[in-house]
Amino acid sequence: MRFDDVRLTPNKGLSLHGKTKRMSDKRTELSKLGEFGLIERLSEGVQLQHKNSVKGIGDDAAVIDQGKDYGLLSTDMLVEGVHFDLSYAPLPHLGYKAIAVNASDIAAMNGLPKQVVIALGISNRFSLEAVEALYQGMKAAAKDFKIDLVGGDTTSSKSGLIISVSVYGQVEKERVAYRKGTKPHDILCVTGDLGAAFVGLQVLEREKQTFLANPNMQPKLDEYTYIVERQLKPTARLDIIHELKGLGVIPTAMIDVSDGLASECLHLSNHGHVGFAIYEEQLPIDKMTFDTAVEFQMDPVTAVMNGGEDYELLFTIDQKDHEKLEKHADIHFIGHAHEATKGNVLVTKKGNVVPITAQGWDHLNQEHKKD
Ligand code: ADP
Ligand code: MG
(Lines give C-alpha, C1' and ligand atoms only; values in the text may rest on other atoms or scores of the structure.)
(Ligands and ions follow the chains in the order given, each with its own letter.)
Protein backbone atom coordinates (compact mmCIF):
# COMPACT_ATOMS: atom_id res chain seq x y z
CA MET A 1 0.00 0.00 0.00
CA ARG A 2 1.32 3.47 -0.88
CA PHE A 3 1.48 5.99 1.94
CA ASP A 4 -0.89 8.40 0.19
CA ASP A 5 -3.49 5.64 -0.25
CA VAL A 6 -4.50 6.12 3.36
CA ARG A 7 -5.84 9.42 4.59
CA LEU A 8 -7.50 10.18 7.87
CA THR A 9 -10.48 12.27 6.83
CA PRO A 10 -11.67 15.21 8.96
CA ASN A 11 -14.62 13.21 10.25
CA LYS A 12 -12.16 10.61 11.56
CA GLY A 13 -13.04 8.34 8.63
CA LEU A 14 -10.41 6.37 6.78
CA SER A 15 -10.12 6.70 3.02
CA LEU A 16 -8.79 3.52 1.48
CA HIS A 17 -8.49 3.39 -2.31
CA GLY A 18 -11.21 6.00 -2.64
CA LYS A 19 -13.74 4.14 -0.48
CA THR A 20 -14.48 6.01 2.72
CA LYS A 21 -15.53 4.20 5.84
CA ARG A 22 -16.68 6.62 8.47
CA MET A 23 -15.77 5.66 12.01
CA SER A 24 -18.92 6.04 14.04
CA ASP A 25 -18.86 8.30 17.09
CA LYS A 26 -20.15 5.38 19.15
CA ARG A 27 -17.60 4.07 21.64
CA THR A 28 -17.70 0.44 22.72
CA GLU A 29 -15.33 -0.59 25.48
CA LEU A 30 -13.18 -3.56 24.42
CA SER A 31 -13.61 -5.01 27.89
CA LYS A 32 -17.32 -5.43 27.09
CA LEU A 33 -16.50 -7.71 24.16
CA GLY A 34 -13.74 -9.70 25.83
CA GLU A 35 -10.83 -11.19 23.89
CA PHE A 36 -12.87 -13.77 21.98
CA GLY A 37 -15.67 -11.30 21.17
CA LEU A 38 -13.12 -8.85 19.81
CA ILE A 39 -11.44 -11.47 17.61
CA GLU A 40 -14.84 -12.46 16.27
CA ARG A 41 -15.62 -8.84 15.35
CA LEU A 42 -12.22 -8.31 13.72
CA SER A 43 -12.54 -11.46 11.65
CA GLU A 44 -15.89 -10.41 10.18
CA GLY A 45 -15.57 -9.94 6.43
CA VAL A 46 -12.04 -11.36 6.21
CA GLN A 47 -11.94 -13.32 2.96
CA LEU A 48 -9.30 -15.86 2.06
CA GLN A 49 -8.06 -15.09 -1.45
CA HIS A 50 -5.59 -17.88 -1.99
CA LYS A 51 -6.57 -21.47 -2.66
CA ASN A 52 -3.77 -22.70 -0.42
CA SER A 53 -5.09 -20.83 2.66
CA VAL A 54 -6.81 -23.93 3.99
CA LYS A 55 -7.72 -22.57 7.43
CA GLY A 56 -7.72 -18.92 8.49
CA ILE A 57 -8.67 -17.29 11.79
CA GLY A 58 -10.18 -19.53 14.44
CA ASP A 59 -7.80 -22.36 15.24
CA ASP A 60 -4.50 -22.63 17.11
CA ALA A 61 -2.63 -21.99 13.88
CA ALA A 62 -3.49 -21.09 10.30
CA VAL A 63 -3.14 -23.97 7.84
CA ILE A 64 -1.46 -23.46 4.47
CA ASP A 65 -1.34 -26.06 1.73
CA GLN A 66 2.32 -26.58 0.79
CA GLY A 67 1.76 -29.42 -1.67
CA LYS A 68 3.04 -32.47 0.18
CA ASP A 69 2.41 -31.19 3.74
CA TYR A 70 0.41 -28.49 5.44
CA GLY A 71 2.31 -25.45 6.72
CA LEU A 72 1.15 -24.08 10.09
CA LEU A 73 1.47 -20.43 11.11
CA SER A 74 0.80 -18.89 14.48
CA THR A 75 1.84 -15.91 16.59
CA ASP A 76 1.71 -15.06 20.29
CA MET A 77 2.73 -11.96 22.15
CA LEU A 78 3.91 -11.54 25.73
CA VAL A 79 3.57 -8.07 27.25
CA GLU A 80 5.28 -6.94 30.45
CA GLY A 81 2.78 -6.20 33.20
CA VAL A 82 0.08 -8.26 31.45
CA HIS A 83 1.64 -11.67 30.82
CA PHE A 84 4.72 -11.47 33.00
CA ASP A 85 6.22 -9.58 35.90
CA LEU A 86 9.98 -9.20 35.79
CA SER A 87 10.18 -8.95 39.56
CA TYR A 88 9.83 -12.73 39.63
CA ALA A 89 10.16 -13.98 36.04
CA PRO A 90 13.87 -14.44 35.24
CA LEU A 91 14.65 -13.27 31.70
CA PRO A 92 16.00 -16.64 30.47
CA HIS A 93 12.80 -18.34 31.66
CA LEU A 94 10.73 -15.70 29.93
CA GLY A 95 12.59 -16.24 26.67
CA TYR A 96 12.05 -19.98 27.00
CA LYS A 97 8.34 -19.48 27.66
CA ALA A 98 7.87 -17.16 24.66
CA ILE A 99 9.10 -19.92 22.34
CA ALA A 100 7.31 -22.73 24.21
CA VAL A 101 3.85 -21.13 24.02
CA ASN A 102 4.23 -20.71 20.27
CA ALA A 103 5.48 -24.26 19.79
CA SER A 104 2.46 -25.39 21.80
CA ASP A 105 0.04 -23.85 19.28
CA ILE A 106 1.72 -25.85 16.51
CA ALA A 107 1.51 -29.02 18.64
CA ALA A 108 -2.21 -28.27 19.05
CA MET A 109 -2.57 -28.81 15.28
CA ASN A 110 -0.73 -32.15 15.65
CA GLY A 111 2.27 -30.59 13.94
CA LEU A 112 5.90 -29.84 14.70
CA PRO A 113 7.39 -26.32 14.80
CA LYS A 114 10.23 -25.63 12.38
CA GLN A 115 11.10 -21.91 12.33
CA VAL A 116 10.41 -18.81 14.46
CA VAL A 117 10.83 -15.08 13.98
CA ILE A 118 11.03 -12.87 17.06
CA ALA A 119 9.98 -9.23 17.38
CA LEU A 120 11.06 -7.26 20.44
CA GLY A 121 9.95 -3.91 21.84
CA ILE A 122 12.57 -2.90 24.43
CA SER A 123 12.57 0.12 26.72
CA ASN A 124 15.77 1.80 27.88
CA ARG A 125 15.44 0.04 31.25
CA PHE A 126 17.02 -2.98 29.57
CA SER A 127 20.74 -3.50 29.07
CA LEU A 128 22.51 -5.62 26.49
CA GLU A 129 23.09 -8.22 29.23
CA ALA A 130 19.36 -8.35 29.96
CA VAL A 131 18.41 -8.89 26.32
CA GLU A 132 21.14 -11.51 26.02
CA ALA A 133 19.68 -13.30 29.04
CA LEU A 134 16.28 -13.30 27.34
CA TYR A 135 17.84 -14.75 24.20
CA GLN A 136 19.72 -17.35 26.19
CA GLY A 137 16.30 -18.79 27.13
CA MET A 138 14.99 -18.46 23.59
CA LYS A 139 17.98 -20.30 22.18
CA ALA A 140 17.64 -23.06 24.77
CA ALA A 141 13.97 -23.53 23.85
CA ALA A 142 14.76 -23.43 20.13
CA LYS A 143 17.29 -26.22 20.73
CA ASP A 144 14.93 -28.29 22.93
CA PHE A 145 12.05 -28.01 20.45
CA LYS A 146 14.27 -28.30 17.32
CA ILE A 147 13.20 -24.91 15.97
CA ASP A 148 15.37 -22.61 13.87
CA LEU A 149 15.43 -18.95 14.89
CA VAL A 150 15.39 -17.30 11.48
CA GLY A 151 14.64 -13.61 11.97
CA GLY A 152 12.67 -10.91 13.71
CA ASP A 153 12.42 -7.20 14.35
CA THR A 154 13.79 -4.92 17.06
CA THR A 155 12.28 -1.65 18.15
CA SER A 156 12.24 0.62 21.18
CA SER A 157 9.30 0.69 23.52
CA LYS A 158 8.17 3.40 25.91
CA SER A 159 6.60 1.04 28.37
CA GLY A 160 8.51 -2.10 29.18
CA LEU A 161 9.20 -5.24 27.25
CA ILE A 162 7.08 -6.69 24.47
CA ILE A 163 7.95 -10.06 22.97
CA SER A 164 6.15 -11.20 19.85
CA VAL A 165 6.98 -14.59 18.40
CA SER A 166 5.66 -16.04 15.16
CA VAL A 167 6.17 -19.70 14.44
CA TYR A 168 5.99 -21.81 11.32
CA GLY A 169 5.41 -25.53 11.55
CA GLN A 170 4.42 -28.52 9.47
CA VAL A 171 2.09 -31.47 9.64
CA GLU A 172 1.36 -34.30 7.24
CA LYS A 173 -1.97 -33.46 5.61
CA GLU A 174 -3.80 -36.53 6.83
CA ARG A 175 -2.61 -35.96 10.41
CA VAL A 176 -3.75 -32.35 10.91
CA ALA A 177 -6.04 -31.85 13.94
CA TYR A 178 -8.40 -28.89 14.16
CA ARG A 179 -10.51 -27.61 17.06
CA LYS A 180 -13.47 -29.02 15.14
CA GLY A 181 -13.94 -32.71 14.45
CA THR A 182 -15.12 -34.30 17.70
CA LYS A 183 -18.08 -36.69 17.33
CA PRO A 184 -20.45 -37.81 20.08
CA HIS A 185 -18.94 -40.77 22.00
CA ASP A 186 -15.36 -39.67 21.31
CA ILE A 187 -13.11 -39.85 24.38
CA LEU A 188 -11.76 -36.60 25.83
CA CYS A 189 -8.05 -36.83 26.72
CA VAL A 190 -5.60 -34.47 28.35
CA THR A 191 -1.83 -34.73 28.77
CA GLY A 192 0.23 -34.12 31.91
CA ASP A 193 -1.41 -32.43 34.88
CA LEU A 194 -3.44 -29.25 35.14
CA GLY A 195 -3.71 -26.21 37.40
CA ALA A 196 -0.03 -26.18 38.44
CA ALA A 197 0.93 -23.02 36.52
CA PHE A 198 -1.96 -21.07 38.03
CA VAL A 199 -1.24 -22.16 41.60
CA GLY A 200 2.48 -21.49 40.96
CA LEU A 201 1.55 -17.94 40.00
CA GLN A 202 -0.30 -17.48 43.29
CA VAL A 203 2.86 -18.51 45.15
CA LEU A 204 4.98 -16.05 43.16
CA GLU A 205 2.49 -13.23 43.75
CA ARG A 206 2.41 -13.96 47.48
CA GLU A 207 6.19 -13.99 47.76
CA LYS A 208 6.37 -10.75 45.79
CA GLN A 209 3.98 -9.05 48.21
CA THR A 210 5.96 -10.37 51.18
CA PHE A 211 9.17 -9.08 49.64
CA LEU A 212 7.66 -5.66 48.92
CA ALA A 213 6.49 -5.42 52.51
CA ASN A 214 9.90 -6.46 53.83
CA PRO A 215 12.80 -6.47 51.34
CA ASN A 216 14.97 -8.39 53.83
CA MET A 217 12.69 -11.43 53.55
CA GLN A 218 13.96 -14.07 51.14
CA PRO A 219 11.24 -15.63 48.97
CA LYS A 220 10.23 -19.12 50.09
CA LEU A 221 10.06 -21.00 46.83
CA ASP A 222 12.02 -24.19 47.52
CA GLU A 223 9.03 -26.25 48.55
CA TYR A 224 7.07 -25.09 45.48
CA THR A 225 9.68 -25.80 42.78
CA TYR A 226 7.45 -27.87 40.48
CA ILE A 227 4.49 -25.51 40.32
CA VAL A 228 6.64 -22.38 40.13
CA GLU A 229 8.55 -23.93 37.24
CA ARG A 230 5.29 -24.81 35.51
CA GLN A 231 4.41 -21.11 35.62
CA LEU A 232 7.81 -19.69 34.71
CA LYS A 233 9.13 -22.24 32.24
CA PRO A 234 6.34 -24.23 30.58
CA THR A 235 7.09 -26.78 27.94
CA ALA A 236 5.36 -27.62 24.65
CA ARG A 237 4.15 -31.24 24.43
CA LEU A 238 5.91 -32.12 21.20
CA ASP A 239 6.78 -35.47 22.78
CA ILE A 240 3.08 -36.34 22.62
CA ILE A 241 2.90 -35.43 18.92
CA HIS A 242 5.68 -37.92 18.18
CA GLU A 243 4.06 -40.57 20.38
CA LEU A 244 0.59 -40.21 18.87
CA LYS A 245 2.16 -40.78 15.49
CA GLY A 246 4.09 -43.80 16.76
CA LEU A 247 0.92 -45.29 18.24
CA GLY A 248 -1.04 -44.67 15.03
CA VAL A 249 -3.54 -42.27 16.60
CA ILE A 250 -4.89 -39.11 14.96
CA PRO A 251 -6.95 -37.00 17.39
CA THR A 252 -10.40 -36.15 16.04
CA ALA A 253 -9.86 -32.62 17.42
CA MET A 254 -7.19 -30.89 19.49
CA ILE A 255 -6.36 -27.63 21.29
CA ASP A 256 -3.69 -26.59 23.77
CA VAL A 257 -4.63 -25.59 27.29
CA SER A 258 -3.59 -21.95 27.57
CA ASP A 259 -6.71 -20.51 29.24
CA GLY A 260 -7.84 -23.34 31.52
CA LEU A 261 -9.64 -26.60 30.86
CA ALA A 262 -13.15 -25.09 30.90
CA SER A 263 -12.41 -22.51 28.22
CA GLU A 264 -10.64 -25.02 25.95
CA CYS A 265 -13.37 -27.61 26.41
CA LEU A 266 -15.93 -25.01 25.30
CA HIS A 267 -13.84 -24.27 22.21
CA LEU A 268 -13.86 -27.96 21.22
CA SER A 269 -17.58 -28.01 21.96
CA ASN A 270 -18.40 -24.94 19.85
CA HIS A 271 -16.21 -25.96 16.94
CA GLY A 272 -17.33 -29.61 16.96
CA HIS A 273 -21.02 -28.96 17.68
CA VAL A 274 -20.90 -31.45 20.54
CA GLY A 275 -21.11 -31.27 24.32
CA PHE A 276 -18.77 -32.83 26.87
CA ALA A 277 -19.06 -34.61 30.18
CA ILE A 278 -15.87 -34.30 32.24
CA TYR A 279 -15.41 -36.38 35.40
CA GLU A 280 -13.82 -34.65 38.38
CA GLU A 281 -12.29 -37.88 39.65
CA GLN A 282 -10.39 -38.29 36.37
CA LEU A 283 -8.79 -34.83 36.41
CA PRO A 284 -4.99 -35.06 36.61
CA ILE A 285 -3.88 -32.83 39.49
CA ASP A 286 -0.36 -33.00 40.88
CA LYS A 287 -0.16 -33.40 44.66
CA MET A 288 1.78 -30.14 45.12
CA THR A 289 -0.82 -28.30 43.05
CA PHE A 290 -3.60 -29.80 45.14
CA ASP A 291 -1.97 -29.07 48.51
CA THR A 292 -0.93 -25.53 47.59
CA ALA A 293 -4.39 -24.69 46.22
CA VAL A 294 -5.83 -25.82 49.55
CA GLU A 295 -3.22 -23.68 51.34
CA PHE A 296 -4.55 -20.71 49.34
CA GLN A 297 -8.11 -21.70 50.27
CA MET A 298 -8.83 -22.37 46.62
CA ASP A 299 -10.69 -25.38 45.25
CA PRO A 300 -8.02 -27.33 43.28
CA VAL A 301 -10.69 -28.09 40.66
CA THR A 302 -11.11 -24.34 40.07
CA ALA A 303 -7.36 -24.08 39.36
CA VAL A 304 -7.71 -26.91 36.83
CA MET A 305 -10.88 -25.63 35.16
CA ASN A 306 -10.26 -21.89 35.22
CA GLY A 307 -6.54 -21.38 35.84
CA GLY A 308 -4.34 -21.04 32.80
CA GLU A 309 -1.01 -21.55 31.09
CA ASP A 310 -0.64 -25.29 31.54
CA TYR A 311 0.18 -25.71 27.83
CA GLU A 312 -0.90 -29.33 27.93
CA LEU A 313 -2.86 -30.82 25.02
CA LEU A 314 -6.60 -31.43 25.18
CA PHE A 315 -7.88 -33.72 22.45
CA THR A 316 -10.52 -36.23 21.50
CA ILE A 317 -10.06 -39.68 20.04
CA ASP A 318 -12.36 -42.18 18.42
CA GLN A 319 -13.32 -45.03 20.78
CA LYS A 320 -11.49 -47.48 18.52
CA ASP A 321 -8.20 -45.83 19.58
CA HIS A 322 -8.88 -46.22 23.30
CA GLU A 323 -6.65 -49.27 23.69
CA LYS A 324 -3.71 -47.65 21.93
CA LEU A 325 -3.52 -44.88 24.53
CA GLU A 326 -4.78 -46.77 27.57
CA LYS A 327 -1.32 -47.58 28.90
CA HIS A 328 0.23 -44.19 28.20
CA ALA A 329 1.34 -42.81 31.57
CA ASP A 330 0.90 -39.17 30.62
CA ILE A 331 -2.39 -39.22 28.70
CA HIS A 332 -5.53 -39.19 30.82
CA PHE A 333 -9.09 -39.96 29.77
CA ILE A 334 -11.15 -37.29 31.51
CA GLY A 335 -14.53 -37.53 29.84
CA HIS A 336 -16.44 -38.04 26.63
CA ALA A 337 -18.35 -36.13 23.98
CA HIS A 338 -22.12 -36.35 23.61
CA GLU A 339 -24.84 -34.59 21.62
CA ALA A 340 -24.60 -30.77 21.80
CA THR A 341 -28.06 -30.58 23.39
CA LYS A 342 -26.69 -32.25 26.52
CA GLY A 343 -24.35 -29.29 27.06
CA ASN A 344 -20.95 -29.21 28.77
CA VAL A 345 -20.92 -30.55 32.30
CA LEU A 346 -18.54 -31.48 35.07
CA VAL A 347 -19.61 -34.57 37.00
CA THR A 348 -18.29 -34.08 40.54
CA LYS A 349 -16.94 -36.84 42.79
CA LYS A 350 -20.25 -36.72 44.65
CA GLY A 351 -22.15 -37.24 41.41
CA ASN A 352 -23.43 -33.67 41.04
CA VAL A 353 -23.65 -32.41 37.48
CA VAL A 354 -22.36 -28.82 37.16
CA PRO A 355 -22.44 -26.78 33.93
CA ILE A 356 -18.99 -25.83 32.62
CA THR A 357 -18.53 -22.11 32.14
CA ALA A 358 -15.43 -20.34 30.88
CA GLN A 359 -13.64 -17.93 33.11
CA GLY A 360 -10.30 -18.17 31.40
CA TRP A 361 -7.61 -15.60 31.50
CA ASP A 362 -9.25 -12.86 29.57
CA HIS A 363 -6.74 -10.04 29.81
CA LEU A 364 -9.12 -7.47 28.38
CA ASN A 365 -11.66 -8.27 31.04
CA GLN A 366 -9.04 -8.51 33.77
CA GLU A 367 -7.98 -4.97 33.00
CA HIS A 368 -11.57 -3.84 33.15
CA LYS A 369 -12.06 -5.47 36.54
CA LYS A 370 -9.05 -3.62 37.95
CA ASP A 371 -10.64 -0.23 37.14
P1 ADP B 1 -4.42 -19.26 21.14
O2 ADP B 1 -4.90 -19.09 22.56
O3 ADP B 1 -4.42 -20.66 20.66
O4 ADP B 1 -3.11 -18.53 20.87
P5 ADP B 1 -6.17 -17.14 20.44
O6 ADP B 1 -7.31 -17.25 21.37
O7 ADP B 1 -5.09 -16.12 20.72
O8 ADP B 1 -5.51 -18.57 20.24
O9 ADP B 1 -6.71 -16.84 19.00
C10 ADP B 1 -7.80 -17.54 18.45
C11 ADP B 1 -7.81 -17.33 16.95
O12 ADP B 1 -7.97 -15.95 16.63
C13 ADP B 1 -6.52 -17.76 16.27
O14 ADP B 1 -6.87 -18.39 15.05
C15 ADP B 1 -5.79 -16.46 16.01
O16 ADP B 1 -4.97 -16.54 14.88
C17 ADP B 1 -6.93 -15.49 15.79
N18 ADP B 1 -6.60 -14.09 16.19
C19 ADP B 1 -6.26 -13.64 17.43
N20 ADP B 1 -6.06 -12.31 17.43
C21 ADP B 1 -6.27 -11.89 16.16
C22 ADP B 1 -6.22 -10.62 15.51
N23 ADP B 1 -5.90 -9.51 16.17
N24 ADP B 1 -6.52 -10.58 14.19
C25 ADP B 1 -6.83 -11.72 13.51
N26 ADP B 1 -6.90 -12.93 14.06
C27 ADP B 1 -6.62 -13.04 15.36
MG1 MG C 1 -3.70 -22.39 21.42
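All ligand and atom numbering here is 1-based and tracks the order in the structure. What you see is a predicted model, and the numbers here were worked out from it, not measured in a lab.
For atom 20 (N) of ligand 1, a protein heavy-atom neighbour is found at a distance under 4.0 Å.
Within ligand 1, counting atoms from 1 as listed, the ones closer than 4.0 Å to a heavy atom of Asp59 are 11 (C), 13 (C), 14 (O). Per-residue contacts place Ile57 under 4.0 angstrom from the following atoms of ligand 1 (heavy atoms of the residue considered): 12 (O), 14 (O), 17 (C), 25 (C), 26 (N). Of all the atoms in ligand 1, the ones that sit under 4.0 Å from a non-hydrogen atom of Asp60 are 3 (O).
The only option from Thr292, Val304, Ile285, Val294 that meets the side-chain contact (heavy atoms from CB on, under 4.5 Å) definition with Val199 turns out to be Thr292. For the pairing with Leu244, the side-chain contact (heavy atoms from CB on, under 4.5 Å) check across Asp321, Leu325, Ile250 returns one residue only, Leu325.
Here's the thing with Asp105: one of its N/O atoms is less than 3.5 angstrom from an N/O atom of ligand 1. Checked by distance only, ligand 1 and Arg179 come closer than 3.5 Å through their nitrogen or oxygen atoms. At least one N or O atom of Gly58, backbone or side chain, sits closer than 3.5 Å to an N or O atom of ligand 1.
Remark: minimum distance from atom 2 (O) of ligand 1 to any protein heavy atom is reached at Ser258 OG, 3.5 Å.
Phe296 has its ring centre no less than 6.0 Å from the ring centre of Phe198.
Looking at Tyr96 and Asp144, their side chains do bring a donor and an acceptor atom within 3.5 Å of each other.
A heavy-atom separation below 4.0 Å is not found between Ser43 and ligand 1.
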